[in-house]
Colleague: 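Take this structure, written in structure tokens, and hold onto it; I'll ask about it next.
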Amino acid sequence: MILPLDQTAESRRALASSLFAGLPGDAEISFEFFPPKTEKMEEQLWDAIVTLAPLAPRFVSVTYGAGGSTRERTHNTVARIARETAIPAAAHLTCVDASRDEIAEVANAYWAAGVRHIVALRGDPPNAGGRFEPHPQGYASAAELVEGLRKLHPFEISVSAYPETHPEAATAQSDIDFLKRKLDAGASRAITQFFFEPDTFFRFRDAAAGAGVDAEIVPGIMPVSNFAAIQRMSKMTGTAIPEWMAHLFDGLDDHPAARQLVAATIAAEMCRRLYAGGVRQFHFYTLNRAELSYAICHLLGKRPVETAQEAAA
């Protein structure tokens, strides 16, 4: 495969620039959490939010379990973020096992709670390995869900994108075409599935632009805290794991501190190369832990922002 001249130049800049020196801190960041199942997990989640909040994220999002299995917990978590913090909160919402009326009820409840941002997804079937079946009175796709939400309230809406192609897509081009339909339906931006090579994102971004996508495409960054878990997740999502990554994590199962250092180094270097290629927005999959994401953001030049209350104290 021969890369276009502009992409070759972009790759050269990404590889030639110094990794972290002199970054101006102009990257914009956001974080994803999942709703806690227990009191202890809720404490861990709020510790992460308190740690990351001073970095002034654009928003934080909270996931929605397969088949709407975490509907109440997702709502409670998002509503608490909206109520108790100054961070814009985004709620994930899917089409799975829900009628249009039920989805409208959930969306209206979010609006009433002060939530103005929805991450609209088709969603995974409740049974692993099964195929998505639309509810008889529901939405058949994320594009339809976006259209429906736009009719309810003027939500800001984010959707998903797949740099290595959605596992159910017929072709990479058809997947990009569907991304464009979601954006044309009223979504503000796309947030990608995680990936582990900068060129994977650059190729996808260029292909999407070639198909007429001009909306913001935000790379989803997954710091690898548990390599075995990432292997399982990558198999489900069709994400390629480079051989060099497996080699770097080999032998670290019993060395959690060393594993954390390696994970932070890998993710930070990828983010720096994405930055060198023009990326200024990053979305971090935190898994409800702050340390790795905080370290990576620090290396990207992000520093705690003094609030108005702190300045007045």
Side-chain angles (χ1 to χ4, degrees), residues 14 27-34 48 52 57-66 90 92 94 119-124 128 142 158-169 172 175-176 179 182 189-208 216-246 248-249 259-260 262-275 277 279-297 299-300:
E28 296 183 301
I29 55 175
S30 53
F31 302 108
E32 181 176 295
F33 303 102
F34 61 84
L52 295 169
R58 290 199 295 170
F59 62 89
V60 298
S61 67
V62 181
T63 61
Y64 198 73
H92 287 219
T94 76
V119 180
L121 310 165
R122 188 205 69 181
D124 296 322
S158 298
V159 294
S160 60
Y162 298 85
E164 293 170 272
T165 306
H166 191 283
E168 296 178 22
D175 197 30
I176 290 175
L179 169 61
K182 292 188 287 187
R189 72 179 57 79
I191 301 171
T192 77
Q193 179 63 267
F194 64 88
F195 55 92
F196 296 115
E197 296 275 19
D199 278 352
T200 300
F201 178 82
F202 292 142
R203 284 192 293 267
F204 175 74
R205 184 183 64 182
D206 290 349
E216 176 184 310
I217 300 179
V218 182
I221 308 300
M222 176 74 81
V224 182
S225 57
N226 183 316
F227 187 67
I230 286 296
Q231 286 179 304
R232 292 191 295 270
M233 293 171 65
S234 297
K235 186 175 182 180
M236 291 187 292
T237 60
T239 301
I241 297 180
E243 289 187 12
W244 59 260
M245 180 179 285
L248 285 176
F249 281 103
R259 193 168 65 241
Q260 290 279 95
V262 170
T265 300
I266 291 172
E269 182 172 338
M270 184 174 75
C271 287
R272 180 61 182 93
R273 297 192 189 285
L274 290 170
Y275 184 96
V279 176
R280 292 297 180 271
Q281 292 83 27
F282 298 85
H283 185 73
F284 293 93
Y285 299 111
T286 68
L287 301 180
N288 291 9
R289 296 182 181 277
E291 294 82 3
L292 284 175
S293 296
Y294 193 99
I296 297 161
C297 290
L299 289 168
L300 284 171

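In this chain, residues are counted from 1 in sequence order.
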Colleague: So how far is it from E197 CD to M245 CE, rounded to the nearest 0.5 Å?
Modeller: 7.5 Å
Colleague: Can you list everything that forms a side chain to side chain contact (heavy atoms under 4.5 Å, CB included) with S160? Sequence neighbours excluded, please.
Modeller: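 Testing S160 for side chain to side chain contact (heavy atoms under 4.5 Å, CB included), a comparison that skips the adjacent residues, returns L121, Y162, K182.
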Colleague: So do F204 and L179 actually touch side chain to side chain, heavy atoms under 4.5 Å?
Modeller: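 Yes, their side chains come closer than 4.5 Å.
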Colleague: Looking only at heavy atoms, which two atoms of A120 and A142 are closest? And how far apart?
Modeller: O-CB, 4.3 Å
Colleague: Strictly under 6.0 Å, is that where the ring centroids of H283 and F59 end up?
Modeller: yes
Colleague: Judged by atom type as modelled, is there a donor-acceptor pair below 3.5 Å linking the side chain of S158 to the main-chain atoms of A190?
Modeller: no
Colleague: Could you tell me which residues satisfy side chain to side chain contact (heavy atoms under 4.5 Å, CB included) with E28, sequence neighbours excluded, listed by chain and number?
Modeller: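 Counting only residues at least two positions away or on another chain, E28 forms a side chain to side chain contact (heavy atoms under 4.5 Å, CB included) with R58, Q281.
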Colleague: Out of curiosity, K235 NZ to I241 CD1, how far, rounded to the nearest 0.5 Å?
Modeller: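 Reported to 0.5 Å precision, the distance equals 11.0 Å.
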Colleague: Okay, side chain of N288, backbone of A48: is any donor-acceptor separation there less than 3.5 Å?
Modeller: no
Colleague: List the steps and the verdict of side chain to side chain contact (heavy atoms under 4.5 Å, CB included) for T200 and E164.
Modeller: CA-CA 7 Å; T200 300; E164 293 170 272; 3.5 Å; yes
Colleague: Do Y285 and I191 come close enough that some side-chain heavy atom pair is under 4.5 Å?
Modeller: yes
Colleague: Which pair of heavy atoms, one from A267 and one from I296, lies closest together, and at what distance?
Modeller: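 So the two residues come closest at CB-CD1, 3.4 Å.
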Colleague: Compare all side-chain heavy atoms of R122 with those of E168 and state whether any distance is below 4.5 angstrom.
Modeller: yes
Colleague: Is there a side-chain contact between F201 and M270 (heavy atoms, below 4.5 Å)?
Modeller: no
Colleague: Hey, could you give me the OG1/CD distance between T265 and Q260, rounded to the nearest 0.5 Å?
Modeller: 11.0 Å
Colleague: May I ask you to test the I266-W244 pair for a side-chain heavy-atom distance under 4.5 Å?
Modeller: yes
Colleague: Quick check: closest heavy atoms across T63 and E32, and the distance to 0.1 Å?
Modeller: CG2-OE2, 3.2 Å
Colleague: Hey, what's the ring geometry for F194 with F196, parallel, tilted or perpendicular (30° and 60° as the breaks)?
Modeller: tilted
Colleague: Sub-3.5 Å donor-acceptor pair from the side chain of R280 to the main-chain atoms of Y275, do we have one?
Modeller: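 Yes, because the side chain of R280 sits within donor-acceptor range (under 3.5 Å) of the backbone of Y275.
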Colleague: Taking C-beta and beyond as the side chain, do T286 and F34 meet within less than 4.5 Å on heavy atoms?
Modeller: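 Not touching, per the 4.5 Å side-chain cut-off.
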Colleague: Minimum heavy-atom separation for D175 and H166, please, with both atom names.
Modeller: OD2-N, 2.9 Å
Colleague: Please report the shortest heavy-atom distance between F31 and S293, naming the atom on each side.
Modeller: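 The pair with the smallest heavy-atom distance is CE2-CB, 3.9 Å.
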Colleague: Report, one line per pair, each donor and acceptor closer than 3.5 Å where one atom sits in a side chain of residues 219-234; sequence neighbours left out.
Modeller:
unit_1	atom_1	unit_2	atom_2	d
N226	OD1	A228	N	3.1
N226	OD1	A229	N	2.9
S234	OG	I230	O	2.8

